[in-house]
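Data first, discussion second: the structure below is written as structure tokens.
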Amino acid sequence: MAVRIDGKALAAKVKRQAAAEAAGLPRKPGLAVVLVGEDPASKVYVAGKERDCAECGIESFGHRLPAETTEESLLALIGTLNRDPRVDGILVQLPLPGHLREEAVIAAIAPDKDVDCFHPYNVGRMTAGDPVFLPCTPAGVMAMLDEYEIPVRGKRCVVLGRSNIVGKPMAALLTQRDGTVTLCHSRTEDLARYTREADVLVSAVGRRGLVTADMVKEGAAVIDVAMNRDESGRLCGDVDFAAVEAKAGWITPVPGGVGPMTRACLMRNILTAARLHQA
Ligand code: GUN
């Protein structure tokens, strides 16, 4: 029976540390949160991030913009936030409405305020092993592996999903920790052949029921990044939790696993930015 990784408890610990650090700074750290449009899931995520800020003694500046907002006016807002000394971090919630180019918007954020670690400058620094910020979800996963003393060095690590937000940076961080990393995706042939070999399996695809017990090695660490809904509307991940829990060595629940850690790592990044700006 797997050890359940308690993301909620670890996130609370990380946030307590962030709050203590924030209290020690000469000026309250600030996060600007930009939400364009009415995506219901994004609204929930953004509200959660603002709640975390309040808990950690971080000021949040909310900017709710209509779905029809032009790229020009969004870029103008980002320019203003880049110059605002109260704002240490800028978070533009993704996905953006289809007429807005995410790459252009991300590139407009000042790299020293890019607390999501999405800007090409920060992606480069992170990939080169000299990070300013760490991408929130992959950093949260690494913190969970560390907390539970799950070995990575020399181990077979398999990441499912190659998104810029999770899969690619997750593979980079595991590689830096001397894992032997395979990045699988929707075009991978015979997925189970890879997952069955994994000592550490991270799934970030967004397909309920993707990872079944026969695909998991006995004793493996199974980290479920996905946030799906089942037919009755309940949150669930990619992993068939009950069956895999009986076989794995460690497993993260959904909810209460990776999600809270992502948000806690955002708080850590805001503190990093605030220290940069207040040094
Ligand atoms: N959409 C889904 N995850 C994220 C995230 O970590 N940051 C932002 N800005 N948008 C997201």
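In each ligand, atom 1 is the first atom listed, and ligand 1 is the first ligand listed. Below, each value reflects all heavy atoms present in this structure, side chains not excepted, and no hydrogens, waters or symmetry copies.
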Atom 11 (C) of ligand 1 - nearest protein heavy atom and its distance: Gln93 NE2, 3.4 Å
Mode of Thr137 contact toward ligand 1 - side chain, backbone, both, neither (heavy atoms, under 4.0 Å): neither
Atom of Asp238, atom of Ser203 and distance for their closest heavy-atom approach: OD2-OG, 2.8 Å
N or O pair under 3.5 Å between Val92 and ligand 1: yes
Residue portion contacting ligand 1 (non-hydrogen atoms closer than 4.0 Å) for Lys49: side chain
Sub-4.0 Å atoms of ligand 1 with respect to non-hydrogen atoms of Phe118: 5 (C), 7 (N), 8 (C), 9 (N)
Within reach of ligand 1, part of Tyr45 (heavy-atom separation under 4.0 Å): neither
Closest heavy-atom pair and its distance - Cys117, Val123: O-CG2, 3.8 Å
Nearest-neighbour protein heavy atom for atom 1 (N) of ligand 1, which is reported as residue plus atom name and distance: Leu94 O, 2.8 Å
Greater than 12 external heavy atoms within 6.0 Å of Lys8's NZ: no
Single hit among Leu201, Val254, Val244, Ile251 for side-chain contact (heavy atoms from CB on, under 4.5 Å) with Asp224: Val254
Euclidean distance, Glu72 CD relative to Leu100 CG, rounded to 0.5 Å: 12.0 Å
Proximal ligand 1 atoms for Leu91, defined as those under 4.0 Å from one of its heavy atoms: 9 (N)
Protein contact to atom 6 (O) of ligand 1 [nearest heavy atom, distance to 0.1 Å]: Asp116 OD1, 3.7 Å
Taking atom 3 (N) of ligand 1 as the reference point, the nearest protein heavy atom with its distance: Ile165 CD1, 4.4 Å
Candidate list Arg64, Arg263, Lys43, test salt bridge (Lys or Arg N to Asp or Glu O under 4.0 Å), partner Glu50, passing option: Arg64
Val205 backbone acceptor or donor facing His185 side chain under 3.5 Å: no
